[in-house]
Amino acid sequence: EPEVTQTPSHQVTQMGQEVILRCVPISNHLYFYWYRQILGQKVEFLVSFYNNEISEKSEIFDDQFSVERPDGSNFTLKIRSTKLEDSAMYFCASIAGGPMREQYFGPGTRLTVT
Amino acid sequence: QQPVQSPQAVILREGEDAVINCSSSKALYSVHWYRQKHGEAPVFLMILLKGGEQKGHDKISASFNEKKQQSSLYLTASQLSYSGTYFCGTEMGSGGSNYKLTFGKGTLLTVNP
């Protein structure tokens, strides 16, 4: 069964460093998302991406964040200068689109900023 | 605006039933239910589109009351494997083509032997 994959599973970085989180969505899916979950809290929407551009972003997704689909398979989230409060699980999700609205999540990347 | 889930937590014995509710003050197009186990990704359970349809598989089912903008998830004859946090994710308005989900805070379900 196709699934969303994410790498790395855990990333430890120092405050101020740049990180890139990688995702490979399900191959025939057209809509891609990044969500964040701080430990013990709800899943929060960060950004949606379709047709090689951002379709919507939340107030969390400030200038320090960017997303890219550099090739036909990868979908990346970059945080330019990490802060302590960026520590969270980051989930990538994808949807086929059209009548297929089910959103499938990847296993997540745990980001720890020290 | 995030949906409101209730209860926040529920403890069951194996074989008991539970109902988890998800309500919104805004008009909804769809409600998605997920289960998340500790340290893992949310796993998709089911989606309900506006129109009030009920869905289910195995002993887990859900309904969507469009008039009340409320969805309920029904777990019957609970099993130990049902333990986890249940989230509803809502899609607002007319549905459109963004498919963005707004999640509730979750309901922690614990099933004991």
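Side-chain atoms are counted along with the backbone in the values below, which use heavy atoms only and exclude waters and symmetry mates. Below, chains carry the letters A, B, ... as their sequence lines are ordered, and counting in each starts from 1. All values derive from a computational prediction rather than experimental measurement.
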B:L108, part contacting chain A, at a heavy-atom distance under 4.5 Å: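 Neither part.
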4.5 Å side-chain heavy-atom contact, A:R101 and B:E91: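 They are in side-chain contact.
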Note, B:K105 side chain near A:Q41 side chain (heavy atom, < 4.5 Å):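 Not touching, per the 4.5 Å side-chain cut-off.
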Any pair counted as side-chain hydrogen bond (donor to acceptor under 3.5 Å, both in side chains), so long as it reaches residues 34-47 of chain B, sequence neighbours left out: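 Non-adjacent pairs meeting side-chain hydrogen bond (donor to acceptor under 3.5 Å, both in side chains): A:Q37-B:Q36, B:R35-B:Y86.
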Can you tell me if [atom1] on [X] sees more than 12 non-hydrogen neighbours from other groups inside 6.0 Å?
X	atom1	answer
A:E85	CD	yes
B:I11	CD1	no
B:K26	NZ	no

Honestly curious: do [X] and [Y] fall in one hydrophobic cluster under the side-chain, below-4.5 Å linking rule?
X	Y	value
A:F75	A:I79	yes
B:M92	B:V31	yes
A:V24	A:M89	no
B:L101	A:F32	no
A:I95	A:W34	no

Taking every non-hydrogen atom, the tightest pair across B:A41 and A:F91: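 Closest heavy-atom pair between B:A41 and A:F91: CA-CE2, 3.5 Å.
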A:K42 side, atom NZ; B:F87 side, atom CZ - distance, nearest 0.5 Å: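 The NZ atom of A:K42 sits 9.5 Å away from the CZ atom of B:F87.
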A:Y33 ring center within less than 6.0 Å of B:Y99 ring center: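 No, they do not, as the ring centres are separated by 6.0 Å or more.
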Residues 103-114 of chain A: residues contacting chain B (heavy atom under 4.5 Å, by number):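 Expected list: A:Q103, A:Y104, A:F105, A:G106, A:P107.
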Quiz item: cation-pi between B:K100 and A:F45, 6.0 Å / 45°: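 Satisfied, under 6.0 Å and within 45°.
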